[in-house]
**Student:** 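Handing you a structure now.
Per chain, numbering begins at 1; letters A, B, ... match sequence-line order. Values below: every heavy atom of this structure, side chains too, minus hydrogens, waters and symmetry copies.
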2 protein chains.
Amino acid sequence: MSVSDGDGQSGKRGASICRIIVTEDDDAVRERFVRLIADWDGGELVAESATLSDTLAAIRESEIDLLITDLNLPDGNGIEAIKALGVIQPHAEAMVISVLADDRTVLDSIEAGASGYLLKDADPVDLVEAINDLMAGRSPISSRIARVLVKRLAERAERAAEDKDAPKMTPREMDILWGIAKGLTSDELAASLGISRQTIPVHIRNIYRKLQVSNRSEAVFEATRQGIIRL
Amino acid sequence: MSVSDGDGQSGKRGASICRIIVTEDDDAVRERFVRLIADWDGGELVAESATLSDTLAAIRESEIDLLITDLNLPDGNGIEAIKALGVIQPHAEAMVISVLADDRTVLDSIEAGASGYLLKDADPVDLVEAINDLMAGRSPISSRIARVLVKRLAERAERAAEDKDAPKMTPREMDILWGIAKGLTSDELAASLGISRQTIPVHIRNIYRKLQVSNRSEAVFEATRQGIIRL
DNA sequence: AGCTCAATACCAAGAACTGGGTATGGGCAA
DNA sequence: TTGCCCATACCCAGTTCTTGGTATTGAGCT
């Protein structure tokens, strides 16, 4: 199946040719990639490299649209190249092609700025389709890798679900809570909500009771910890 | 191309046949899915449904391994079915097949517990490969959908990077900061740190200056927001 | 109709916090 | 060594918070 939804050559780079760097220390694999790009009329290979330092040099010296990189490089980690690319040429995309699939590596790559991540395994990778995906603002990602992302996003939701037994604040109490988090005094709070300054302490006491705290700073801390206040 | 890395029928459900529910309100599309599953020898169709309520009933009444669902249902949102599945049959997997690709919908689906998300577009979807992926603990995800997940994970990293220019607190100031977050008064703080109560306000003022705030609750809020205090 | 609860408003006393000073010693870097 | 900064300590005046009351209105539920 094609997990990618294809719409061909269309891309956010418009009609311009995609300038590419390929970094891969295995000569055979790299040559295969290079040939695929050469046979394709939508991209131009700006540089090919087998080491991190060569790649970093190429990123500094040439304008590119796409970095395709392995992670295990003889002189370092491809993630460094992705980070450098994000700093020097923020407009460019980055894609990982690696055998690594552990959570830490995958998440580090994505957080470093990789938009695509293909697993280098039995299946021969259709590089051109992946490049088209990237240039069209999509993210070609192997299903094993995607699982890591899904797991990560789902576990955040689980934590939020645990917070569901958090005390329920009334709308007014939420106003007050945000106010004290922002450091407003009772007077400022009253003014900003258009109510009497005498009413503020009542709400605050109710908040204290619900959060089982006894002053403003502890309330802010607890409310944040319980996810009632999201940053 | 196959973005999925295939290893065929192997799955974490072992040799057992995969029990499936298909929910899709478009009769033609649903029939196509049903036929694909019928022609495949690795799965058994437990139920097919065109509505949310039928699906919820099926989830309650039948043991299943996989829910394949559309989101736009005549009587509600398929995400509800995914949530129900997570509660009633937590062992089961869920996959979305929808035309929707907006961030909110995608993230809600994943957070509800969907492990796969295929976009219903021009490309005919290879359902069987997607099911194999899911049963093997991988996540078949269209590249347009994957982009949403990548974006979300990357923006969290960006925020963490911004935190690096957070003001540096001295060890003592960190003690004080934690103390006020826990709601201690100056006296309690002095006692717990074994220093004079007169010294506390000095540290607090320094903290205020560094965080550019003017009271305890705002300090707790800012310190939390900037990652100086981790929950 | 009666009940509960959120939201509103007011008063007052005592505790806690804030912001303005000043000063000493210790450690670390230029 | 000098200078800077952290940590310590003290004083004080003014402001704000906390906590104890009481009470009215309207929304929602039984």
**Student:** Is the phosphate of C/dC17, meaning OP1 or OP2, less than 4.0 Å from a side-chain N or O of B/Ser186?
**Tutor:**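 Yes, B/Ser186 has a side-chain N/O under 4.0 Å of OP1/OP2 on C/dC17.
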**Student:** Check every strand shown and say whether A/Asp187 touches a base, only sugar-phosphate, or nothing at a heavy-atom separation below 4.0 Å.
**Tutor:**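 Counting heavy atoms under 4.0 Å across all strands, no contact is made by A/Asp187.
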**Student:** Any idea which of D/dT18, C/dT8, C/dG21 is nearest the B/Arg205 side chain?
**Tutor:**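 Given the options D/dT18, C/dT8, C/dG21, the side chain of B/Arg205 is closest to C/dG21.
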**Student:** From the list D/dC6, C/dA6, C/dA9, which nucleotide is the closest neighbour of the side chain of A/Ile195?
**Tutor:**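 Nearest to the side chain of A/Ile195 among the choices is C/dA9.
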**Student:** Between C/dC17 atom P and B/Glu188 atom CD, what is the distance in whole Å?
**Tutor:**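 Whole-Å distance recorded here is 8 Å.
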**Student:** Base, sugar-phosphate or nothing for A/Asn206? Non-hydrogen atoms, less than 4.0 Å.
**Tutor:**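 No contact.
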**Student:** Give the rounded distance in Å between these two atoms: CD1 of A/Ile200 and P of C/dC10.
**Tutor:**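 In whole Å, C/dC10 P lies 12 Å from A/Ile200 CD1.
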**Student:** Please give me the minimum heavy-atom distance between A/Arg172 and A/Leu193, naming the atom from each residue.
**Tutor:**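 Of all heavy-atom pairs spanning A/Arg172 and A/Leu193, the closest is NH2-O, 3.5 Å.
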**Student:** Any donor-acceptor pair under 3.5 Å linking the side chain of A/Asp65 with the backbone of A/Arg19?
**Tutor:**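 Side chain of A/Asp65 to backbone of A/Arg19, a donor-acceptor pair under 3.5 Å: yes, one is there.
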**Student:** D/dT8, OP1 or OP2 - any side-chain N/O from B/His203 closer than 4.0 Å?
**Tutor:**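 Checking D/dT8 against B/His203, a side-chain N or O does come within under 4.0 Å of OP1 or OP2.
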**Student:** Return yes if a side-chain donor-acceptor contact under 3.5 Å exists between A/Ser186 and A/Arg216, otherwise no.
**Tutor:**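 The answer is yes; a qualifying pair exists.
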**Student:** Specify the separation, in whole Å, of atom CD of A/Glu218 and atom P of C/dC17.
**Tutor:**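 Distance check: A/Glu218 CD to C/dC17 P gives 12 Å.
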**Student:** Please pick, from C/dT18, D/dT19, D/dC6, the nucleotide with the shortest atom-to-atom distance to any side-chain atom of A/Ser214.
**Tutor:**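 My answer, after comparing the listed nucleotides, is D/dT19.
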**Student:** Look at the side chain of A/Ser196 and decide which nucleotide, out of D/dT19, C/dC10, D/dC10, has an atom nearest to it.
**Tutor:**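 My answer, after comparing the listed nucleotides, is C/dC10.
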**Student:** Give the rounded distance in Å between these two atoms: NZ of B/Lys168 and P of D/dC4.
**Tutor:**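 After rounding, the gap between these two atoms is 19 Å.
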**Student:** For D/dA9 and B/Thr199 - does any side-chain N or O of the residue sit under 4.0 Å from the phosphate oxygens OP1/OP2?
**Tutor:**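 Yes, B/Thr199 has a side-chain N/O under 4.0 Å of OP1/OP2 on D/dA9.
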**Student:** Check for a donor-acceptor pair, side chain of A/Asn72 on one end and backbone N or O of A/Ser98 on the other, with a separation under 3.5 Å.
**Tutor:**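 Answer holds: no.
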**Student:** So if I take every side-chain heavy atom of B/Val202 and compare against D/dA7, D/dC17, D/dC10, which nucleotide ends up nearest?
**Tutor:**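 Taking heavy atoms from C-beta onward, the closest nucleotide is D/dC10.
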**Student:** Can a side chain N or O of A/Arg216 be found less than 4.0 Å away from OP1 or OP2 on D/dC17?
**Tutor:**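 True: A/Arg216 side-chain N/O within range (under 4.0 Å) of D/dC17 OP1/OP2.
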**Student:** Side chain of A/Gln198 only, heavy atoms from C-beta on: which candidate in D/dT18, D/dC6, C/dC10 is closest?
**Tutor:**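 The nucleotide sitting nearest to the side chain is C/dC10.
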**Student:** Please give, in whole Å, the distance from D/dC17 P to B/Ile180 CD1?
**Tutor:**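 Distance, rounded to whole Å: 15 Å.
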**Student:** Over how many whole Å does the gap from B/Ile207 atom CD1 to D/dA7 atom P extend?
**Tutor:**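 Distance, rounded to whole Å: 10 Å.
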**Student:** Would you call A/Arg30 and A/Asp26 a salt bridge, taking side-chain N to carboxylate O under 4.0 Å as the test?
**Tutor:**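 Result for this pair is no, no salt bridge flagged.
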**Student:** Could you work out which one of D/dT19, C/dG19, D/dA9 sits closest to the side chain of B/Tyr208?
**Tutor:**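 Selected nucleotide (nearest to the side chain): C/dG19.
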**Student:** Let me know the distance between CD1 of A/Ile176 and C1' of D/dT16, rounded to the nearest Å.
**Tutor:**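 Distance check: A/Ile176 CD1 to D/dT16 C1' gives 15 Å.
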**Student:** Round to the nearest Å and state the distance from B/Asn215 atom CG to D/dT16 atom C1'.
**Tutor:**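 Value for this atom pair: 10 Å.
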**Student:** Is any side-chain N of the basic residue among A/Lys210 and A/Glu173 closer than 4.0 Å to the acidic one's carboxylate O?
**Tutor:**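 Salt bridge present between A/Lys210 and A/Glu173.
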